[in-house]
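Structure record follows, encoded as structure tokens.
These figures come from a predicted structure and were not determined experimentally. Residue numbers start from 1 in every chain, and the chains themselves are labelled A, B, ... in the order their sequence lines are given, proteins ahead of strands.
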Amino acid sequence: MRQQCAAEDLTKWLETALERLTVYRDSKVIVIGLIGKESQAVGDAKTDHINALLNRQVFLSAWARPTDAKCMIEAYFDPENECVFLHLVGVHDLNSSTTAFADTAETGDGFFATLAKLELEHSKLVLFTFLVCHAIVFVEPACRFDLSYARLLRNLNHMRQQTASDISSALSKATSVSKEWAREGRLCSPRMLFAFHRNPLRADLGAVKRKELVDKLERSMEDQIYEILRKSRIITNNCALSIGAIPPNTPFVHIFTPSEAPRDPLKELLEVLHDIGEPKGPDDDKRKKKRIDEGFSTFLLAHLEEARKSGFDDNVGKTAPVPAFELPRLKAFIRGASAVYRVIMEDKSVASELPQLLNVEMEFSEARSRKTVPAALRNYEQDLPQYYPRRHHEMKLAQALQYLTSQSCGPKLQDAIVRLTDSCEAFWKDGRQACEGLSLTGNHCSNQIHSVPGEENANADLPSFPHSSKARYLSTCNCGYKQELRNDPFELKEANFDYYERSEFHCCQSMDKYEFPTFHPESISSETAPVQRLESEHNSQSREDNQKGLFRQLDLQTQSQDEQSGVNSAGDVDMLLDRDNKLAIASDLQLEGHESLRKRHGSSSADSTKNRQATQEEDDVHEGGSGTGSVVSDLLQDEAYLESHNDSSDLDTSTTLVAPDVTLRRRLRKHSRQEDEGSDHSGGSDGEENEGAGEMLSEATPVSKPVTAYERSPWQITDEALVNIKEKYKGLYLEGMPHSQSPSGLDPLYPSWAVVCVGSSSIYTHATGLRDMPNFSHGSQYLLPWDVTLKVDVNEWDRKMDLIGQSAINQNRPRRPRKPGDNTEKVKVFVGFEYECPRGHRFMLETPDKMLKHNGAGGPKESATTLIRSDMPLWFPCSCRSNPRVNGQLMRLHIVTPKAPVAVTLNPRVQPSAQSHLYFHPGTKGLIQLTWGKYYIMRFPYSYVGPDGPIYPPQEQMTAGRLLKGVLGVIETDL
Amino acid sequence: TTVESTASGAGVSSGGRDLKAGLRLISENMEWMDFVQDYLQDNNDFTVIGAIGPQGCGKSTVLSMIAGNNTLDMYRQYVFRPASREAVETCRHQTAGIQIYITKTRLMLLDCQALFSTAILDEMLRCEKRYNYEYKTVENYTEMESIQLISFLFQVCHTVLVCVDWFLDLNVIRLIRTSEMLRSTIHQTSGEQIQYDPNRPVNLVFIHQRAKFEEFKPETVRKRSETLRNLFKDSQLNICGNVSLGGAGRSSYIDGKMERINYLPLSDMKLRGKTADGLLSNLPIAAPSSSDVSHGFKNIPDYNSLVKDLRELVRALPKPAFALGSVAISEKTWGSYAAKLWDATRKSHIIADYGRSLP
């Protein structure tokens with residue numbers, strides 16, 4: 001029979017030992033367990049001292065073990081001492097824990113989950129060790145008692161009691177096992193011994209002093225351990241009731257001293273080989289050997305001797321019966337231990353109860369979650385509206401999650417978060433989901449989730465009805481005379497067009513309107529529309545009506561006028577005179593203008609420096625310098641304008657950039673010719689306005705009903721038809737509203753802007769301000785005067801003024817005498833930037849950051865120059881006091897044009913969001929021109945929808961967005 | 001000299017007195033002590049470093065070294081008094097509660113009592129000190145006390161040093177992880193002006209005291225760093241910060257990423273008056289063998305020079321802001337909030353719940 005050389009895995013040992021150790025099968029054995037912690041530092045190994053005691057390398061280092069199990073027991077029978085050594089490798093061995101936690105990368109388990117698995121395995125083995133050993137040595141790498149043993153031992157005792165009957169019955173079935181052992185379930189209440197490494201004592205001590213201090217430390221630690229194990233009732237007077245026992249009279253604590261550390265012989269040999277030649281104390285090795293003998297071996301052998309002699313009786317006091325103690329024969333031990341091992345590994349109560357005792361953090365975390373998830377769900381369900389959108393759901397969910405994370409924690413928190421999120425989501429989707437539709441003012445549709453009629457890819461399962469946010473706003477018509485409630489719009493067409501076409505607004509419907517370019521399906525033949533446009537005279541004509549931005553009100557006379565202008569200034573964006581101003585000679589003047597331009601062009605191109613000077617001069621002269629200046633710059637930028645201008649003045653061959661110079665030059669010439677003409681019209685006194693009022697009124701009366709192709713406009717047809725048009729002509733029209741990034745050449749289906757002529761300029765009286773316009777903030781219902789100085793051809797100017805005078809102005813008013821050499825004329829425009837809040841409150845701004853509040857007699861004297869020269873806010877805080885505080889939105893620009901041969905140009909560009917450079921414009925191919933002596937109102941879009949969707953008004957009261965400066969300009973015109 | 005005196009004069013006028021030695025912040029009865037307020041200034045630039053660890057792992061010593069003590073100082077000159085010889089010889093503890101020391105460079109050092117310490121529990125039992133009977137057992141009480149102290153330190157420190165004397169007590173790691181888990185639940189009452197971030201990343205630095213000669217092998221250090229990284233993989237605590245031999249520029253330990261893990265072994269401290277030779281002769285393994293030399297591993301880095309590196313490395317760690325948002329916190333505010341946080345920690349019903357759930 002071969003002698004066992006090294007320790008083996010317990011299961012294997014239990015299987016083979018009986019056969020292998022036949023000689024010893026009747027030996028009475030003492031079973032010693034080794035439990036503890038082990039770093040991989042030299043001298044820390046739990047088994048080194050056992051190896052030293054046995055004088056051979058029985059227990060190998062972790063790397064040399066044949067198995068890579070993280071938790072295992074190594075068994076070895078020592079025939080010399082008739083001892084079985086059980087060495088537990090477990091969670092506290094660095095090698096095991098390192099491997100286990102390195103595996104987390106694959107398992108995905110967190111710290112506590114990994115620890116839980118390890119500990120369960122480990123604890124089962126510890127329980128087994130406690131059930132089959134006579135003594136257990138706890139080997140600690142540091143010189144202190146680990147308090148966590150208290151919990152471990154308590155748990156083990158609980159489990160021992162739970163499994164007692166199973167173990168007894170298993171033992172009683174095993175052969176050779178004594179009745180006592182079977183009854184008790186264990187050989188004795190195992191004695192617990194403690195061995196500590198790394199004593200903290202100074203290294204520079206003599207041997208005697210060291211011994212003394214080590215003894216003192218050992219006794220101190222024994223006292224501590226005993227006290228604590230007693231107090232926490234791990235050990236009791238009757239050790240039969242306890243998991244283990246502490247000897248009352250024998251030392252049970254051993255402290256290793258550094259020099260006592262045994263050495264691996266092989267390693268030592270290697271070191272000796274390495275260190276050859278290095279000086280070494282002659283009797284070093286001997287001395288060390290001696291110390292080992294008097295150290296741990298002595299300590300352990302004393303206990304072994306006691307066990308063999310008398311057995312352990314660790315009871316305190318005389319009341320408890322003498323505890324069971326048995327030294328089994330080896331064969332009985334092997335059979336009994338196998339039975340116990342099987343029970344421990346397979347027992348149900350071990351599998352169910354032990355994890356609860358061990359995985360405190362996991363159990364706690366789970367228990368907290370069980371309690372807090374329902375509470376968090378109740379938190380979510382509190383104060384919910386009947387239907388609510390995702391945003392609200394997410395907000396409530398975030399609140400609930402915050403509650404959950406403040407009340408719950410640990411490894412199961414993540415599961416709890418998922419559970420709560422799922423529960424809340426399910427709750428919301430169970431008939432509480434609101435429509436996600438967002439109105440153009442940023443409000444949610446308040447309905448249950450639904451589909452919208454006519455919407456593409458509508459969900460058939462959902463009810464179909466339009467959006468509604470239940471919000472209603474008071475809004476004003478195009479001309480500003482009438483206010484009507486409107487529903488919070490969800491559709492751009494409804495917001496910017498349909499509302500203003502309501503039949504209630506008959507005030508505006510009778511007014512002259514500027515026709516913005518829009519898409520007309522009729523004007524496009526189904527084949528190749530864009531090319532054909534120019535071929536057909538009729539088509540081109542009707543198209544130009546739309547494209548050039550004509551007022552729709554056309555009689556025969558204007559039609560001929562149109563043709564004229566179409567020929568003379570094809571594509572030029574100019575405003576056709578409306579019916580009131582339609583003079584027979586207008587076309588002649590226009591022709592003459594072109595003639596003069598042609599004549600003068602030679603000299604101007606020859607003397608380009610003079611030209612530039614003139615431009616400069618004009619800029620200087622113009623009072624509204626920035627306004628006009630920007631008009632010029634706009635002209636420079638406006639390619640369409642330049643091209644068209646080049647068409648009309650084909651003489652201009654140098655560069656396109658000269659074109660505006662030419663125009664200005666032309667104007668300058670006119671100025672110089674009309675040197676002596678007075679500028680009484682531009683004086684713009686209140687008296688004049690008043691005076692003119694009555695006169696103009698009579699003129700305004702014969703307004704005929706607008707006869708237009710109104711009905712054929714696509715925006716006037718039914719929604720269903722519109723859907724058809726949208727499908728049929730997809731790509732040929734512009735979706736939404738024109739803006740700086742929209743593709744050129746496409747027109748929208750409906751205009752988002754409006755320009756109406758309210759009437760003659762005389763209907764505005766500066767002393768009283770606006771009348772009949774509802775809901776204006778008190779003192780804010782005034783326009784502000786804007787004086788514009790123009791350089792003019794004096795004679796031309798005077799002649800045109802005469803023409804105006806014939807039709808419009810009282811001839812009795814003498815013109816202001818003109819100084820010689822003075823070739824400037826001053827005209828006065830009245831301007832008002834009107835804001836309107838959702839409650840229908842209206843106000844004007846005096847400056848970009850101040851509301852107009854005029855008090856007292858006469859109109860305000862402040863000039864509109866600041867307004868003209870500045871960017872104007874798109875939203876401005878309204879003065880209405882009720883909560884929530886709201887903003888007024890720039891909705892109208894009032895312009896009263898002077899009675900002078902000038903046109904006021906409009907170039908509105910609205911930049912609603914400061915974040916992007918995107919701006920919105922009306923989509924005209926150039927500037928909109930307003931003729932003289934009229935009261936115009938430009939109505940801005942109600943909502944702005946850009947390429948990235950709607951731009952919502954700010955929720956808080958604040959100044960935001962802007963109307964870019966340069967919206968107004970004044971140019972001299974022919975009549 | 002004039003310039004110097006003016007400078008020091010300005011230092012005094014900026015508020016507070018200078019501390020001679022550690023001051024009680026939390027008493028052995030776990031009560032908050034207000035003494036520290038007198039030493040706090042209106043200064044926003046300060047660093048808070050705490051030290052935790054089992055009994056006898058040199059927490060007080062390493063903090064004293066960071067504060068500026070050196071190995072030539074007498075024990076009584078240390079800002080945190082290490083355990084007395086008598087205490088060591090009877091396995092007793094020195095520090096109780098938390099002690100604080102503030103350096104001239106506004107380094108606030110918090111020395112915490114030993115974690116889960118048998119000695120503290122034993123003393124408590126012997127003195128029949130009252131403990132909270134809510135907990136089933138006495139050792140549960142000690143564990144809860146440790147959890148409260150660590151949780152508190154995680155709330156108020158930029159960096160927490162974990163002093164260990166062997167690698168690696170999983171129970172220490174578990175206590176830290178449990179404290180971390182429970183710390184996140186300490187919530188302030190709403191309405192406070194400054195909201196503390198409960199999940200603020202705290203630097204965790206492992207200081208391995210009295211590491212043995214072999215434990216300095218680059219391969220060993222690398223493996224251990226890896227283990228620490230695995231143990232804290234799912235943690236909010238930040239153990240990557242270059243407080244390591246590699247981070248200290250020891251070339252044998254620079255191997256890519258492992259030097260980022262805050263694991264610094266320190267050799268046994270040289271005793272006063274002892275030479276390096278004397279130290280080496282006391283080690284279990286005497287002189288470095290030639291095989292080690294061939295691995296570029298010649299000598300254990302000198303304790304004093306490593307402590308010097310440690311001082312700099314610890315100061316270079318990131319300092320996560322205490323408050324949510326970008327509110328700067330002054331020392332004084334820190335002081336008053338630390339008091340509140342300690343109170344919140346002591347009263348935290350979740351920590352209490354955890355305590356009751358212990359078997």
So do B:I173 and A:F111 actually touch side chain to side chain, heavy atoms under 4.5 Å? yes
Tightest non-hydrogen contact, residues A:R144 and B:Q55, listed as NH1-O, 2.7 Å
Do B:T118 and A:Y149 touch side chain to side chain, with heavy atoms closer than 4.5 Å? no
State, yes or no, whether a side-chain contact exists between B:M181 and A:F112 at a heavy-atom distance under 4.5 Å. yes
Going from CG on B:L231 to OG on A:S97, what distance comes out if it is rounded to the nearest 0.5 angstrom? 7.0 Å
Heavy-atom neighbours of B:R356 CZ exceed 12 at 6.0 Å: yes
Please find the pair of heavy atoms, one from B:W166 and one from A:S39, that lie closest to each other, and give the distance. CE3-CB, 3.6 Å
Could you give the distance from CZ (B:R224) to CG (A:L94), rounded to the nearest 0.5 Å? 6.0 Å
Determine the option with the most heavy-atom pairs under 4.5 angstrom with chain B, choosing from A:E363, A:R233, A:M221, A:R154. A:R154
Just wondering, do B:E123 and A:E227 contact through their side chains at under 4.5 Å, heavy atoms? no
For A:Q161, is the CD atom crowded, meaning more than 12 foreign heavy atoms sit under 6.0 Å from it? yes
Measuring heavy-atom distances to chain B, does A:E119 have an atom under 4.5 Å in its side chain, in its backbone, in both, or in neither? side chain
Between B:R126 and A:D223, is the side-chain contact (heavy atoms from CB on, under 4.5 Å) condition met? List the steps. CA-CA 11 Å; B:R126 279 172 205 279; A:D223 289 352; 3.6 Å; yes
Identify the heavy atoms of B:D234 and A:G110 that sit nearest to each other, and give their distance. OD2-CA, 2.9 Å
In terms of heavy-atom proximity below 4.5 Å to chain B, should A:L357 be classed as side chain, backbone, both, or neither? both
Taking every heavy atom of A:A102 against every heavy atom of B:N230, the minimum-distance pair comes out as CA-ND2, 3.3 Å
Atom group of A:S148 that falls short of 4.5 Å from chain B, counting heavy atoms: both
In terms of heavy-atom pairs under 4.5 Å with chain B, the winner among A:V214, A:L115, A:L201 is A:L115
Using a cut-off of under 4.5 Å on heavy-atom pairs, state which of B:S357, B:S117, B:C91 scores highest against chain A. B:C91
Heavy-atom pairs under 4.5 Å with chain A are the metric here; pick the option from B:A114, B:P54, B:A83 that has the most. B:P54
Give me the one residue out of B:L168, B:N171, B:L170 that meets side-chain contact (heavy atoms from CB on, under 4.5 Å) with A:K37. B:N171
Only one of A:K231, A:Q224, A:R230 passes side-chain contact (heavy atoms from CB on, under 4.5 Å) with B:L125, and that residue is A:K231
Just give me the residue among B:D353, B:T227, B:L121 that pairs up with chain A most often, heavy atom to heavy atom, under 4.5 Å. B:D353
Checking A:I228 against B:E139 for the side-chain contact (heavy atoms from CB on, under 4.5 Å) test, could you report, in this order, the C-alpha distance in whole Å, the side-chain angles of both residues, the deciding distance, and whether it holds? CA-CA 8 Å; A:I228 282 162; B:E139 77 272 6; 5.6 Å; no
Determine the minimum heavy-atom distance between B:I350 and A:S408, stating which atoms define it. CD1-N, 4.4 Å
Looking only at A:F101, A:F145, A:F364, most heavy-atom pairs under 4.5 Å shared with chain B are made by A:F364
Using non-hydrogen atoms only, which part of B:R174 is less than 4.5 Å away from chain A: side chain, backbone, both, or neither? both
Using non-hydrogen atoms and a 4.5 Å limit, figure out which bit of A:I225 sits close to chain B: side chain, backbone, both or neither. neither
Test B:E89 against every option in A:K216, A:R210, A:R219, A:K209 by the salt bridge (charged side-chain N to carboxylate O under 4.0 Å, His left out) rule and name the one that passes. A:K216
Taking the side chain as everything from C-beta on, heavy atoms only, tell me whether A:R151 gets closer than 4.5 Å to B:T137. no
Evaluate salt bridge (charged side-chain N to carboxylate O under 4.0 Å, His left out) for A:E361 paired with B:R177, printing each intermediate quantity in order. CA-CA 10 Å; A:E361 294 87 356; B:R177 294 298 310 266; over 6 Å; no
B:E219, CD atom: more than 12 neighbouring heavy atoms under 6.0 Å: yes
